[in-house]
Amino acid sequence: MKKVKWGVLGTAGIAKSCTIPGMMQAENCELYAIAGRDPKKVDAYRNAFGFAKSYTDYDELLQDEEIEAVYVPLPNHLHYEWVMKAIEAGKNILCEKPLAPKAEQVAELFEAAKEKGVILMEAFAYLHTPYIDALKKEIDDRTIGDVSYIEAAFLTSSYHLTNIRMQKECFGGATYDLGCYCTSMILRMLEKEPITVQGVAEFSDEKVDILTTAIMNFGDGVRANFTCGMNFEKEQKFRFDRLYIHGSKGTIKSDTKFNEEGDLNYTICVDGKEEVKTVPVLHNYRLEVEQLGRCIANGEKPHVSEAFSLMNARTLDKVLDAINY
């Protein structure tokens with residue numbers, strides 16, 4: 001099996017706790033280089049994870065001709081700039097969500113990637129799991145009949161003002177950080193874009209949305225709503241996940257964490273009878289990295305496609321417009 005040489009552009013927490021461990025498990029991934037602006041942190045990552053090379057300049061990593069794919073876990077406001085630079089350097093790219101703050105910029109990135117002949121995929125690791133495929137199959141098989149309503153929720157602890165998530169100029173806030181998971185889940189289940197979006201939000205003193213709720217109408221009697229927030233005890237590991245799908249014959253309910261691994265359950269209720277189903281799931285970030293590796297080596301199409309990322313970005317634009325953010 002061909003192993004793709006990866007470079008990691010940044011030393012963000014999600015890289016350390018989630019993606020790099022997944023990369024280490026991925027059978028077609030070679031952890032080749034790490035770049036960061038703090039030499040001590042870069043050295044710590046290199047020693048901890050066994051990268052062959054390290055850089056203290058992002059541009060130097062992009063100029064390394066050995067690197068085939070780049071993972072971008074930088075803060076939201078830096079995604080567009082460095083994804084574009086990675087495209088120009090001829091690298092295939094996996095970038096954390098959101099790819100860019102507006103759908104128009106997301107479209108620009110995909111157009112640039114196509115012109116350069118490289119693969120660009122937005123990092124929604126949970127969308128690669130068989131758990132999500134199982135939920136979608138229940139809908140496609142009409143286990144609960146015609147879907148008319150979906151509710152999603154994702155809430156976490158709040159953060160100190162120094163945290164990047166609490167800084168508006170860095171595209172922080174609940175919608176960018178958490179709401180994109182809710183919209184992506186809803187869109188994955190329905191496979192269509194909302195016609196109208198209404199929203200309301202609570203803002204911090206710094207004008208960052210910390211609790212947001214949106215109502216989406218998809219036409220033909222299909223509606224959805226989601227709530228996202230950063231409002232539990234500060235800097236703790238509290239979180240709340242919920243997915244509820246209502247159909248003409250029954251419901252699907254899930255309280256499973258979006259990015260969990262292991263044996264994950266969901267409950268189907270039809271005709272008053274409940275059935276709990278279990279799906280074994282590997283490390284989501286491993287699955288994501290392996291899939292992009294197969295795209296590079298074997299010509300697979302990205303599971304999180306350009307069309308899906310654009311649809312999600314347009315939906316987020318509507319939510320952000322609705323709450324005047």
Side-chain angles (χ1 to χ4, degrees), residues 14 75-80 96-106 122-124 126 149-190 192-219 222-246 254-255 257-259 308-325:
I14 191 170
N76 291 346
H77 68 293
L78 297 177
H79 288 179
Y80 178 88
E96 276 306 322
K97 53 75 191 170
L99 274 177
K102 294 293 181 182
E104 181 180 353
Q105 293 169 302
V106 173
E122 190 171 17
F124 280 106
Y126 86 96
Y149 176 72
I150 297 181
E151 174 187 311
F154 191 7
L155 296 98
T156 68
S157 292
S158 60
Y159 300 93
H160 294 299
L161 295 181
T162 55
N163 193 295
I164 202 79
R165 296 176 180 87
M166 300 300 291
Q167 298 172 24
K168 186 173 183 179
E169 64 275 15
C170 297
F171 304 115
T175 302
Y176 275 127
D177 192 54
L178 306 171
C180 61
Y181 286 110
C182 296
T183 57
S184 62
M185 175 69 84
I186 292 166
L187 297 179
R188 176 73 177 96
M189 295 299 110
L190 294 177
K192 59 181 177 179
E193 202 166 331
I195 298 169
T196 62
V197 174
Q198 301 174 67
V200 62
E202 177 185 350
F203 295 91
S204 69
D205 292 339
E206 293 72 32
K207 309 301 181 184
V208 171
D209 72 311
I210 54 175
L211 181 62
T212 295
T213 295
I215 299 171
M216 297 180 282
N217 191 318
F218 292 82
V222 180
R223 298 174 179 84
N225 88 282
F226 74 84
T227 297
C228 60
M230 304 183 297
N231 56 337
F232 296 153
E233 286 74 8
K234 191 169 289 183
E235 298 291 344
Q236 300 297 315
K237 292 186 178 180
F238 296 118
R239 61 180 282 179
F240 173 77
D241 303 67
R242 174 177 166 80
L243 177 68
Y244 173 88
I245 307 171
H246 176 78
S254 170
D255 296 316
K257 292 180 180 179
F258 278 51
N259 273 350
F308 183 87
S309 287
L310 285 169
M311 180 168 62
N312 196 47
R314 288 190 297 266
T315 301
L316 286 170
D317 279 356
K318 292 177 182 176
V319 175
L320 294 165
D321 287 344
I323 65 172
N324 296 314
Y325 191 57

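In this chain, residues are counted from 1 in sequence order. For clarity, every value in this text was computed on a predicted model and none was experimentally measured.
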Any donor-acceptor pair under 3.5 Å linking the side chain of [X] with the backbone of [Y]?
X: His79; Y: Pro98; answer: yes
X: Glu235; Y: Ser157; answer: no
X: Ser158; Y: Glu233; answer: no

### Query
Checking side chain to side chain donor-acceptor pair (under 3.5 Å) against Thr183, which of Thr175, Asn312, Thr315 comes through?
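Testing each of Thr175, Asn312, Thr315 against Thr183, the sole residue satisfying side chain to side chain donor-acceptor pair (under 3.5 Å) is Asn312.
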
### Query
Does any non-hydrogen side-chain atom of His160 lie less than 4.5 Å from one of Met166?
no

### Query
Any side-chain heavy-atom pair from Pro75 and Phe171 closer than 4.5 angstrom?
no

### All pairs passing salt bridge (charged side-chain N to carboxylate O under 4.0 Å, His left out) where residues 150-176 contributes a residue, at least two apart
Glu151-Arg242, Arg165-Asp177

### Task
Give every residue pair that meets the salt bridge (charged side-chain N to carboxylate O under 4.0 Å, His left out) criterion with at least one member in residues 199-217, sequence neighbours excluded.
none

What is the minimum heavy-atom distance between [X] and [Y], and which atoms define it?
X: Val197; Y: Ala322; answer: O-CB, 4.0 Å
X: Asn76; Y: Cys170; answer: CB-O, 3.4 Å
X: Val106; Y: Ala313; answer: CG2-CB, 4.0 Å
X: Cys182; Y: Ala153; answer: SG-C, 4.0 Å
X: Asn225; Y: Thr213; answer: ND2-CG2, 4.3 Å
X: Ala152; Y: Leu243; answer: CB-CD1, 4.4 Å

How many angstroms lie between atom [atom1] of [X] and atom [atom2] of [Y], to the nearest 0.5 angstrom?
X: Leu187; Y: Met216; atom1: CG; atom2: CE; value: 6.5 Å
X: Phe240; Y: Thr156; atom1: CZ; atom2: OG1; value: 12.5 Å
X: Lys318; Y: Glu193; atom1: NZ; atom2: CD; value: 4.5 Å
X: Asn231; Y: Leu211; atom1: CG; atom2: CG; value: 5.0 Å
X: Asp241; Y: Met185; atom1: CG; atom2: CE; value: 8.5 Å
X: Ile210; Y: Phe203; atom1: CD1; atom2: CZ; value: 9.5 Å

### Message
Does Ile164 form a side-chain contact (heavy atoms from CB on, under 4.5 Å) with His77? I'd like the steps, not just the answer.
### Response
CA-CA 10 Å; Ile164 202 79; His77 68 293; 4.2 Å; yes

### Task
Begin with the C-alpha distance, continue with both residues' side-chain angles, and end with the deciding distance and a verdict on side-chain contact (heavy atoms from CB on, under 4.5 Å) for Arg223 and Ile215.
CA-CA 7 Å; Arg223 298 174 179 84; Ile215 299 171; 5.6 Å; no

### Message
Evaluate Leu155 against Leu178 for side-chain contact (heavy atoms from CB on, under 4.5 Å), listing each step before the verdict.
### Response
CA-CA 7 Å; Leu155 296 98; Leu178 306 171; 5.7 Å; no

### Query
When the ring planes of Tyr126 and Phe124 are compared, do they come out parallel, tilted or perpendicular, using 30° and 60° as the limits?
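Judged by the thresholds at 30° and 60°, the geometry between Tyr126 and Phe124 is perpendicular.
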
#### Entry: The single option from Tyr325, Tyr176, Phe226 passing side-chain contact (heavy atoms from CB on, under 4.5 Å) against Val319
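Going through the options one by one, the only one that passes is Phe226.
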
### Summary
For Tyr181, the side-chain hydrogen bond (donor to acceptor under 3.5 Å, both in side chains) test, sequence neighbours excluded, returns none

